[in-house]
Participant: 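Take a look at this one; I'll ask things after.
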Amino acid sequence: MSNLVRFFGTSAASPSLKRGFACIGLVEKNQNGTKDDDIVLLDCGDGSIRKIMEAKTSCLSISDILVTHFHSDHLSGLAQVIESMDIQKRTRELNVFGPKGLKEYFNQVEETTRIASKRKFIINIKELDAGTRNTKLSNYKLSTFEMEHTVPCLGYRVECPDFILAYTGDTQPCNELQNLAHGADLLIHEATFLQKDIDRARSAKHSTPREAAEDAERSDVRGLVITHINDNYETEEEVISESEIIYPKVRVARDGLEIPL
Ligand SMILES: [Zn+2]
Ligand SMILES: [Zn+2]
């Protein structure tokens, strides 16, 4: 078994021609080829299904979907992914995790759009509170942390004996972030505005690349990838130069990037 992180979409709330909305896969590679890979999806923004296809990944491989919060750039691709699973004749159960309100959202979407109405697979919608510890998730253990954003947002920590992955979703720097990320092998941290736009970052409760690097340094992580890139305000070069003086092992996510764990 080997694991990797595959970035399907890496944009902030405004996408660009280079970047689709937030969608990241934790992929458990099946090396002997007799079985599909297993994928835990972190966020599912609009158009995720197409980005997943572009990465030559089957949506049938997705076992669980973790939604950090209900902003559309993180959630509105969920119905499309589920519809595609049905069209491709999925039979295996799907788990969808997210903050309180996820059941009501899903019920409304289902009632209005009739997505996958004749599906042959069960969808388990599971609402989580911040502070959940070591919930079983496929081959992993899942813990949740309360981030600080304009709406409730869960940071996810996914652990197995070989590695720890931490994902912030959208947040400004906060105390819980260190608990989320402490000792992680890989921290995936948002950074939506540069330090020169710190006022905008604070009013929208987002982070800067420098703050992401400071969080990585404080949390003693082994690697940092910055995502949720706003191409209108920041370039990859600016993100790197602002963060690497504090945390030299930083990388900037782009759609299609794969990082072995
Ligand atoms: Zn966002
Ligand atoms: Zn958001």
Side-chain angles (χ1 to χ4, degrees), residues 5-26 41-52 65-81 96-102 104-106 109 127-130 144-157 165-174 176-177 180-181 187-194 197-212 215 224-236 238-239 243 252-255 257:
V5 175
R6 187 174 288 156
F7 290 84
F8 299 113
T10 60
S11 82
S14 174
S16 68
L17 294 176
K18 285 192 307 189
R19 296 180 187 276
F21 290 120
C23 184
I24 302 163
L26 170 57
L41 210 62
L42 299 154
D43 279 331
C44 196
D46 191 47
S48 289
I49 187 62
R50 203 159 172 280
K51 303 300 290 188
I52 289 167
I65 300 176
L66 311 181
V67 176
T68 56
H69 66 297
F70 298 151
H71 280 156
S72 65
D73 55 317
H74 297 255
L75 174 66
S76 64
L78 180 64
Q80 298 154 348
V81 167
V96 185
F97 296 82
K100 281 254 179 324
L102 183 65
E104 188 187 350
Y105 168 83
F106 187 76
V109 169
E127 295 181 341
L128 297 173
D129 291 317
T144 58
F145 298 82
E146 187 175 5
M147 299 291 95
E148 280 185 18
H149 192 40
T150 51
V151 298
C153 179
L154 296 174
Y156 288 113
R157 182 179 172 101
L165 173 72
Y167 173 48
T168 61
D170 288 358
T171 191
Q172 65 182 1
C174 59
E176 272 294 86
L177 216 148
L180 164 73
L187 169 62
I188 303 173
H189 197 307
E190 73 116 301
T192 311
F193 296 99
L194 296 170
D197 295 314
I198 188 70
D199 291 348
R200 301 190 65 166
R202 271 312 75 81
S203 69
K205 296 195 175 179
H206 281 297
S207 300
T208 67
R210 184 168 130 189
E211 289 170 336
D215 283 330
L224 167 66
V225 178
I226 291 177
T227 191
H228 207 264
I229 306 297
N230 189 338
D231 280 336
N232 297 312
Y233 295 105
E234 56 189 20
T235 65
E236 276 189 44
E238 288 172 315
V239 172
S243 50
V252 179
R254 56 184 158 68
D255 294 12
L257 176 69

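All values below were derived from every heavy atom in this structure, side-chain atoms included, with hydrogens, water molecules and symmetry-related copies excluded. Owing to the predicted nature of the structure, the values given are computational and were not obtained by experimental measurement. When a ligand or atom number is given, it counts from 1 through the structure's own listing order.
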Participant: Keeping the roles fixed (side chain from Thr144, backbone from Leu154), state whether a donor-acceptor pair exists under 3.5 Å.
Facilitator: no
Participant: Of the non-hydrogen atoms in Leu128 and Phe97, which two are nearest, and what is the gap between them?
Facilitator: CD1-CD2, 3.6 Å
Participant: Describe, in one word, how the ring planes of His71 and His149 are oriented to each other, choosing from parallel (under 30°), tilted (30 to 60°) and perpendicular (over 60°).
Facilitator: perpendicular
Participant: Out of the candidates Asp255, Thr227, Thr10, only one should pair with Arg19 under the side-chain hydrogen bond (donor to acceptor under 3.5 Å, both in side chains) rule; please name it.
Facilitator: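 Result for side-chain hydrogen bond (donor to acceptor under 3.5 Å, both in side chains) with Arg19: Thr10.
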Participant: Side chains of Ser48 and Phe8, heavy atoms from C-beta outward: is any pair under 4.5 Å?
Facilitator: no
Participant: Excluding waters, how many protein N/O/S atoms sit closer than 2.8 Å to the Zn ion (ligand 2)?
Facilitator: 4
Participant: To check you understand the geometry: which heavy-atom pair defines the closest contact between Ser207 and His189, and what is its length?
Facilitator: OG-CE1, 3.4 Å
